[in-house]
Protein chains: 2
Amino acid sequence: MVTLYDVASQAGVSIATVSRVLHGHGAVREDTRVRVRAAIDDLGYVPDGAAQSLARNRKDVIGLVCAEHSGLKPDQYDIESMSLMFYDEVMRGVEARIRERNLSLLITFLREDETLGAPEPEGGPVDARLRELSGKVDGLLIGEGILAPAALAKHARRMPLVVIAGDTGQKGTDMVSADNWSGARALAEHLIVDHGKRRLFHIDGPVTAPDAAARRTALQEVVDANPGTVVVGTYTGRFSVASGQVGTERLLAAGGPLPDALFCANDQMAIGALHALAAVGIRVPQDIAVVGFDDIFPASLCDPPLTTVHQPIRKLGERACDRLIARIADPAMRTKLELLPTELVVRSSCGCPPGPARRREVTPVPRRRPVAVTALAAVTVGAGAAAAKSPLLPTTER
Amino acid sequence: MVTLYDVASQAGVSIATVSRVLHGHGAVREDTRVRVRAAIDDLGYVPDGAAQSLARNRKDVIGLVCAEHSGLKPDQYDIESMSLMFYDEVMRGVEARIRERNLSLLITFLREDETLGAPEPEGGPVDARLRELSGKVDGLLIGEGILAPAALAKHARRMPLVVIAGDTGQKGTDMVSADNWSGARALAEHLIVDHGKRRLFHIDGPVTAPDAAARRTALQEVVDANPGTVVVGTYTGRFSVASGQVGTERLLAAGGPLPDALFCANDQMAIGALHALAAVGIRVPQDIAVVGFDDIFPASLCDPPLTTVHQPIRKLGERACDRLIARIADPAMRTKLELLPTELVVRSSCGCPPGPARRREVTPVPRRRPVAVTALAAVTVGAGAAAAKSPLLPTTER
DNA sequence: ATTGGTCTTGTAAACGCTTACATTCTCGGC
DNA sequence: GCCGAGAATGTAAGCGTTTACAAGACCAAT
């Protein structure tokens, strides 16, 4: 291994001088600089990262902790696994930022069996992995749902840490999330206000999922805000295609009039619903509208193409990274939650005419306390949306 | 920051002893061990990775260098971008191995504008990034097509390095690739031997792509080996949906009898072909068969589902990682190329009946010099395949 | 020549760990 | 009680940087 000493002796200077020309810090006479550069090139010297970290007292490395969905067969993609791409996209966002600042990115996947399928309380293997990691990085980016909020907060106290797509209710930890709530509102309003749907069936996500909660609340609020509208039933799914299908089959088996629309908590379940409906010959969107959430890739491919809400995943990574870097620079900074706007993606499963997807960024709706929302929404939000005459409806298109 | 010294003084021992209980190396009396452990937990001590690396003279980090396809709009998946998932999958394979051995994974994406769209000769920005990286890792995994073979070989001489999906012709560098050649042979044989297709049109990949070359050669060999079979034309595409579409339109515009099959060098182009065919009402597979390569996710979703060849991408990552670790342990080891078997995925675009995909691992065909192949293949391979009566044909299914 | 200032360069002390070697305990056998 | 062999522990020398500080070189002004 070539070290500073080798370069120094080859160039006939001290290691301090070599270090200086390497970083352009102190003043170095032109001819010395040239000599040193020559020696560096000649020997093919590359500074040792570990020694630099030790001397500088920073690693210039940030860690990204992802949850791996292990049900997936290696080397086989399927619709379920599309949610996996979430982290791939986050990673690209993070990496872009990292690189601009000449840092490095350390990746760790946590398998589902490690995370116990549910956020780990504390002291478990994930906790240990995180501690171990903390010796190698300046800060950590961690996905939601991997560690229980309490454990997360504990780690955040010991090292710079920001949570990606975290529970927006949780305070005291830096977080960057998509504005699920406003996105779901926009989607519900599109269905209710723009399309005049009145009787909605809700295929909900797991009760433990914070994003499902946000979407659920938003739907309920929009329904409450629009008299005459009602959620005729709810099925609690598990975010999988199969559960969306089962939920729909249950609905159909129960008999009674078909609801106007199926509001699914994610695209996978919406796709499941589409399957179930197609199986019994119910036409979408003529007989019933179906909408999803997330805008996973197959959403644009299914029949009919799915109206959904797109999340700014890559941006999530970028912002989380920015936040982390800020936190590293100033550990005393106030923690905060940052909500990124989502995008309403209108295709044809909602009843809009077929054609290329129409996209509209959802302006964040300021969130009020539950009581206030119900009261105000009837006036403010409902009326506002109606007055604005959504640019996504066929009549206003173009 | 809590250091060994803090723990040592808290436990009333020397730092050497703390280090010993930390790693269970030397003998430590039970009560001391307990005292030290208590101090560690108490202070929340975590060893500093940089200091460890420096002292141990190894980083326990390996780097993965991926090429990013920059044409992609952030946050929007499309068919083209599915090839991007290649690295995501490789990464998972690598990470799995890395973790078993308690190493860390450092990720770097190279954007297309950095890689100049083509393998960089030497001394360019990628070269510099790689050198820089080499100070932070014990070894590097790098994707094919990022750096020109010569530059790659130069780096390989300076540090442990293995190429993923590299040009299988290149020697002197460790490489792990999928057996494109055997996969393409199997696919071509399925079309020609099993389905009796005689007149094939080839939608080829770019001349610069080594994997396209392997597939091209394989096709030609199978054609040569089967008298009466002919490649009626070739269009050189660019691996994109659009180029597949254009190629097919050209073919149609040229008039003349329709070939029996379209042999596309990747799935994206096959999907483009499907579009072009559907646009003029030509039915697949009744009027013409179409096959792709890679088995990207949309291949199973398009109409009809695409018969193609699946690559063991995750395994590629695993094996490359294993190889790198071996190389790090023994820098003098002979370099070698490892070919991983591919899988023939039969859906219905080839003319097989619809239904779930039938998969069959392709046994590697020993590669002979061009002359020998042509001579022997007519007997060995052709006859062999016919005798075996492919288990994928409808008649032999089930 | 001396002085004082600016440039340029060198010296040496960290940084936090591992580990070879030295030292001190402990204890059974005498 | 003393010896010697392990066992347990401590000491200190690295590992390759960065950087504060010291020192030397050079030059203009005195």
Side-chain angles (χ1 to χ4, degrees), chain A residues 1-37 39-40 43-61 102 104 131-138 158-159, chain B residues 1-37 39-40 43-61 102 104 131-138 158-159:
Chain A
M1 177 180 205
V2 182
T3 74
L4 264 193
Y5 289 92
D6 301 321
V7 176
S9 78
Q10 164 116 206
V13 298
S14 75
I15 59 165
T17 299
V18 178
S19 180
R20 276 189 280 259
V21 345
L22 227 34
H23 305 97
H25 275 154
V28 178
R29 228 176 38 215
E30 185 55 22
D31 60 325
T32 342
R33 176 187 313 280
V34 171
R35 256 193 358 265
V36 172
R37 281 243 162 275
I40 290 175
L43 298 171
Y45 167 75
V46 175
D48 181 86
Q52 288 187 313
S53 300
L54 188 55
R56 291 173 174 163
N57 193 30
R58 61 192 156 90
K59 318 256 177 309
D60 285 345
V61 174
N102 251 297
S104 300
R131 287 173 51 90
E132 200 189 306
L133 258 183
S134 72
K136 308 182 139 196
V137 302
D138 294 321
R158 296 178 19 82
M159 79 178 122
Chain B
M1 174 178 205
V2 183
T3 73
L4 264 194
Y5 290 91
D6 301 322
V7 176
S9 78
Q10 164 115 208
V13 298
S14 75
I15 58 166
T17 300
V18 179
S19 180
R20 278 189 278 259
V21 347
L22 226 35
H23 303 97
H25 274 156
V28 178
R29 229 175 40 216
E30 185 54 23
D31 61 326
T32 341
R33 177 189 312 281
V34 171
R35 256 192 0 264
V36 172
R37 280 246 163 272
I40 290 174
L43 297 171
Y45 167 75
V46 176
D48 181 85
Q52 288 187 314
S53 301
L54 190 55
R56 293 172 173 164
N57 193 30
R58 62 192 155 92
K59 318 258 178 307
D60 286 344
V61 174
N102 252 297
S104 300
R131 289 173 51 90
E132 201 189 305
L133 258 183
S134 72
K136 307 182 140 196
V137 302
D138 294 320
R158 296 178 20 82
M159 79 179 124

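Values below: all heavy atoms of this structure, side chains included; hydrogens, waters and symmetry mates excluded. Letters A, B, ... mirror the listed sequences (proteins, then strands); counts begin at 1. Remember, predicted model here, so these are calculated numbers, not experimental data.
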(message) So, does Thr3(B) get its side chain near the phosphate of dG16(C), meaning an N or O under 4.0 Å from OP1 or OP2?
(response) no
* Asked: Does Gln52(B) place a side-chain N or O at less than 4.0 Å from the phosphate oxygens OP1/OP2 of dT18(C)?
  -> yes
Atom OH of Tyr5(A) and atom P of dT17(D) are separated, to the nearest Å, by 9 Å
Of Arg20(B) and Asp48(B), the one whose closest nucleotide on DNA chain C sits nearer the 5' end is Asp48(B)
In whole angstroms, the gap separating C1' of dA20(D) from CD1 of Ile15(A) amounts to 13 Å
Atom NZ of Lys59(B) and atom C1' of dT18(C) are separated, to the nearest Å, by 15 Å
The answer to which of Arg56(A) and Ala51(B) contacts DNA chain D further toward the 5' end, by nearest nucleotide, is Ala51(B)
query: So does Thr32(A) get a side-chain nitrogen or oxygen closer than 4.0 Å to the phosphate oxygens (OP1/OP2) of dT9(C)?
result: yes
Nearest heavy-atom approach of Tyr45(A) to Val2(A) is CD1-O, 3.4 Å
From CZ of Arg33(B) across to C1' of dA8(D) the rounded distance in Å is 11 Å
### Message
Please tell me if Ser14(A) has a side-chain N or O lying less than 4.0 Å from either OP1 or OP2 of dT11(C).
### Response
no
note: Met1(B), atom CE; dG16(C), atom P; distance rounded to Å ~ 6 Å
Taking every heavy atom of Lys59(B) against every heavy atom of Asp48(A), the minimum-distance pair comes out as NZ-OD1, 2.8 Å
Arg20(B) and Val28(B) have their tightest heavy-atom pair at CB-CG2, 3.9 Å
Phosphate-side-chain proximity, Thr17(B) and dT9(D), N/O vs OP1/OP2 below 4.0 Å = no
* **dT18(C) phosphate, OP1 or OP2, under 4.0 Å from His23(B) side-chain N/O** => yes
note: Lys136(B), atom NZ; dT17(D), atom P; distance rounded to Å ~ 14 Å
With the side chain defined as heavy atoms from C-beta on, Pro47(A) is closest, among dT9(C), dG10(D), dT17(D), to dT17(D)
By nearest-nucleotide position on DNA chain C, the 5'-leaning member of Leu54(A) and Arg35(A) is Arg35(A)
Rounded to whole Å, the CG-P distance (Leu4(A) to dT17(D)) equals 4 Å
request  = With the side chain counted from C-beta on, respond yes when Arg158(A) and Arg131(A) share a heavy-atom pair under 4.5 Å apart, and no when they do not.
outcome  = yes
Practice prompt. Could you tell me whether the side chain of Leu22(B) reaches within less than 4.5 Å of the side chain of Ile40(B), counting heavy atoms only?
Written response: yes
Checklist line | Contact under 4.0 Å: Tyr45(A) side-chain N or O vs dT17(D) OP1/OP2 | finding: yes
Against the side chain of Ala16(B), the closest entry in dT11(D), dT9(C), dG16(D) is dT11(D)
In whole angstroms, the gap separating C1' of dG16(D) from CG of Asp6(A) amounts to 11 Å
DNA chain D nearest-nucleotide lookup for Gly26(B) and Ala55(B): closer to the 5′ end is Gly26(B)
Shortest non-hydrogen pair, Ala11(A) vs Arg35(A), comes out as O-NE, 3.0 Å
